[in-house]
Amino acid sequence: MARRIIVTGGAGYIGSHVCVELLRAGGKALVIDNFANSSPKALERIRDIAGAGAELLRADLADANDAARIIDAVKAFRPDGAVHLAGLKAVGESVAEPVRYYSVNLPATFTLIRALEAANARMIVFSSSATVYGDLNASPVDETGAVGPTNPYGRTKLFIEEMLNDLARADARWKICNLRYFNPVGADPSGRIGEDPNGVPNNLFPFIAQVAVGRLPRLKIYGDDYPTRDGTGVRDYIHVCDLAAGHVAALDYLAREKAPGAQCFNLGAGKGISVLEAIAAFKRASNRDIPHEIAPRRAGDIAEIYAKPDRAQKLLGWRATRTLDDMCADHWRWQSENPNGYQD
Ligand code: UD1
C-alpha cells in the first residue's frame, strides 16, 4: 500500500481534501504548492481535521529556478508516488492566455516526473478532467469516449494524459492513473476546508453558495432552452470527499498491481443533475433564497454530460456514495461558516 505521497497543489480545493483522506488512512503527505490559488491556512486546517499534518514545500513546479530544490525535497521525502493536481484551471483565462496555460501545466509535470525518477518512485495519479471529452459523446460517457477538448485548459489536461501514457509505454516501471473528474462540489463535513475561488466564481456551485450567503445578488442561469428535461444544462456533480477517496483508491490500485501501465478512470457520480435541480437542492440545504434569472447560453457550454463510472467501480473498487443533498449541505456549511473563504 502506498503510504508516502507527494501532493502537488495540495493546499487547493481538491488537494486539501485528498490530503485529509491520505492522512486519515495513515499515510504521509508532502504538499508542493506555490499558493497561486490556495491558502497556507488550508494546511493548518487539514492538520486539525485529520489529526496529522502534511509537510510543505513552498515552491513553483513550473519555475525552472525551483526545480533543483523540488527534486532534492522529493528525494529526501522518499515517496511511493505522487498525486499531481498543481496547475492552472480557469477555462476562460486559458482561451485568453493559451501559452501561459501550456507553459505552466506542462513544465510543472516535467519537473514532477524528473523528481519522481530521481526518487525512484514512478507512480502518478493525475488530476485530469471530463473536459477532455468536449462535446463529442452522448452521456453517460465511458473512458472509451472520443476526446476533443474545446479550450486550451482542457488540451493541457489531454496532452499531459498522453505524455504520461507514452511514459508508461516507454518504461514499464511507471504506474499511472489519469483520473477524469466530473464536477467536484461540496466540502469536508467539518466545514473547515472548501472551495475558495479567486474573484467572482465561474462555476455553478460556488456561485450559488455566494448568492445564498449574500455575497452576490443573483445567479444567471446560462440557457433554459437546451434539449434536457427542464431546458437547463445537465452535469455530473460529485462530492469532493468521494473524489478524494477515489485518489486513495487509485494509489492503492497502482501500488498493488505489478504492471498496470497507464490507466484512465472517470470519477463521477454517474447521475445527471440540471441547473434548476441544483438550485432547488441548495435552497433546501441552506434554507436561503437563491435569486436567479434566465440568461443567454454561455459560449462553449454543452447541454449535458455525465459519467459512466463503472470502470472505477470494477478496478478501483470505488464509487461515489454521497448524495446531492450531502453535497449542498456540506458546501453550505463551508460557505456559511467561512463567508469570505480562508480570509476569515
Ligand atoms: C467547467 C469547465 C470545465 C471545468 C469545470 C470545473 C467550461 C466550458 N467547462 O465545467 O472545463 O473542468 O468547470 O468544475 O467552462 N451555470 C449557470 N450559471 C453560472 C455558472 C454555471 O447556469 O453562473 C451552468 C452552466 O451553464 C452549466 C452548469 O451550470 O450547465 C455547470 O457549470 P460549471 O460549474 O461552470 O461547470 P462546467 O461548465 O461543467
Side-chain angles (χ1 to χ4, degrees), residues 3-61 73 77 79 82-87 89 125 127 181 183-199 201 203 205-210 212-215 237-248 251 267 282 285-286 320-322 326-344:
R3 282 286 168 251
R4 302 183 62 82
I5 304 299
I6 306 293
V7 186
T8 76
Y13 172 42
I14 297 171
S16 56
H17 290 85
V18 168
C19 285
V20 166
E21 197 69 24
L22 277 171
L23 294 164
R24 275 202 187 128
K28 302 258 185 273
L30 171 62
V31 167
I32 304 179
D33 207 302
N34 65 353
F35 302 112
N37 187 22
S38 61
S39 166
K41 280 192 192 144
L43 295 172
E44 295 165 23
R45 297 193 181 182
I46 289 167
R47 180 185 298 278
D48 295 345
I49 298 167
E55 291 177 37
L56 168 68
L57 176 68
R58 184 177 192 144
D60 183 348
L61 276 154
F77 184 70
V83 175
H84 180 34
L85 307 122
K89 59 160 198 177
V125 171
S127 156
Y181 310 158
N183 293 56
V185 299
D188 187 85
S190 66
R192 303 272 293 146
I193 56 174
E195 186 169 19
D196 182 17
N198 275 337
N203 297 120
F205 264 71
F207 204 108
I208 293 181
Q210 291 195 13
V213 84
R215 235 172 111 174
Y237 298 97
I238 173 171
H239 196 296
V240 67
C241 294
D242 280 333
L243 190 71
H247 291 73
V248 175
L251 286 166
L267 294 190
F282 208 95
S286 63
T321 59
R322 290 150 176 101
D326 298 331
M327 299 177 209
C328 293
D330 292 337
H331 205 110
W332 175 241
R333 190 175 304 104
W334 154 253
Q335 182 70 65
S336 55
E337 291 176 11
N338 307 269
N340 298 307
Y342 289 109
Q343 278 173 39
D344 289 319

Peer 1: Who are the salt bridge (charged side-chain N to carboxylate O under 4.0 Å, His left out) partners of Asp326, not counting sequence neighbours?
Peer 2: none
Peer 1: Okay, side chain of Arg322, backbone of Met327: is any donor-acceptor separation there less than 3.5 Å?
Peer 2: no
Peer 1: Within the structure provided, determine whether Asn340 and Arg215 are in side-chain contact (heavy-atom separation under 4.5 Å).
Peer 2: yes
Peer 1: What closest approach, in Å, do Tyr181 and Leu85 show between heavy atoms, and which atom pair accounts for it?
Peer 2: OH-CD2, 3.3 Å
Peer 1: With rounding to the nearest 0.5 Å, note down the distance linking CD in Glu337 to OG in Ser190.
Peer 2: 8.5 Å
Peer 1: Quick check: does any side chain N or O of His17 sit under 3.5 Å from a backbone N or O of Asp188, one acting as donor and the other as acceptor?
Peer 2: yes
Peer 1: Check the pair Arg45 / Asp48 against salt bridge (charged side-chain N to carboxylate O under 4.0 Å, His left out), numbers first and verdict last.
Peer 2: CA-CA 5 Å; Arg45 297 193 181 182; Asp48 295 345; over 6 Å; no
Peer 1: Is there a side-chain contact between Val18 and Val125 in this structure, where contact means two heavy atoms from C-beta onward sitting under 4.5 Å apart?
Peer 2: no
Peer 1: Any side-chain heavy-atom pair from Gln210 and Pro197 closer than 4.5 angstrom?
Peer 2: yes
Peer 1: Where is the tightest heavy-atom contact between Gly246 and Leu267, given as atom of each residue plus distance?
Peer 2: CA-CD1, 4.2 Å
Peer 1: Using the rule given for side-chain contact (heavy atoms from CB on, under 4.5 Å), can you reason through Val31 versus Cys19, listing the C-alpha separation, both sets of side-chain angles and the distance that settles it, and then say yes or no?
Peer 2: CA-CA 8 Å; Val31 167; Cys19 285; 3.6 Å; yes
Peer 1: Nearest heavy-atom pair of Leu23 and Ala52: which atoms, and what distance?
Peer 2: CD1-O, 3.3 Å
Peer 1: Give the minimum heavy-atom separation between Trp334 and Ala187, together with the two atoms involved.
Peer 2: CB-CB, 3.7 Å
Peer 1: Check the orientation of Phe282 and Trp332. Use parallel for under 30°, tilted for 30 to 60°, and perpendicular for over 60°.
Peer 2: perpendicular
Peer 1: Taking only residues two or more places apart in sequence or in another chain, which ones pass ring pair (Phe, Tyr, Trp, His ring centres under 6.0 Å) with Phe205?
Peer 2: Tyr237, His331
Peer 1: Can you tell me how far CG of Leu61 sits from CD1 of Ile32, rounded to the nearest 0.5 angstrom?
Peer 2: 5.0 Å
Peer 1: Under 6.0 Å from the ring centre and within 45 degrees of the ring axis: does the NZ or CZ of Arg4 meet both conditions for the six-membered ring of Phe77?
Peer 2: yes
Peer 1: Mind checking the CD-CG spacing from Gln343 to Asp196? Nearest 0.5 Å is all I need.
Peer 2: 7.0 Å
Peer 1: Identify the two heavy atoms, one from Tyr13 and one from Gly186, that lie closest to each other, and give their separation to 0.1 Å.
Peer 2: OH-O, 2.7 Å
Peer 1: For side-chain contact (heavy atoms from CB on, under 4.5 Å), just list the numbers for Leu251 and Val83, CA-CA rounded to whole Å, side-chain angles, deciding distance to a tenth of an Å, and then say yes or no.
Peer 2: CA-CA 8 Å; Leu251 286 166; Val83 175; 3.8 Å; yes
Peer 1: Under the side-chain hydrogen bond (donor to acceptor under 3.5 Å, both in side chains) definition, can you give me all pairs with a residue in residues 19-38, not counting sequence neighbours?
Peer 2: Asp33-Ser38, Asn37-Asn198
Peer 1: Out of the candidates Ile5, Ile6, Leu30, Val7, only one should pair with Pro79 under the side-chain contact (heavy atoms from CB on, under 4.5 Å) rule; please name it.
Peer 2: Ile6
Peer 1: Measuring from atom NZ of Lys41 to atom CD1 of Ile193, what distance do you get when rounded to the nearest 0.5 angstrom?
Peer 2: 15.0 Å
Peer 1: Write down the atom of Gly191, the atom of Asn338, and the distance for their closest heavy-atom approach.
Peer 2: O-ND2, 2.9 Å
Peer 1: Are the side chain of Ser16 and the backbone of Ala11 linked by a donor-acceptor contact shorter than 3.5 Å?
Peer 2: no
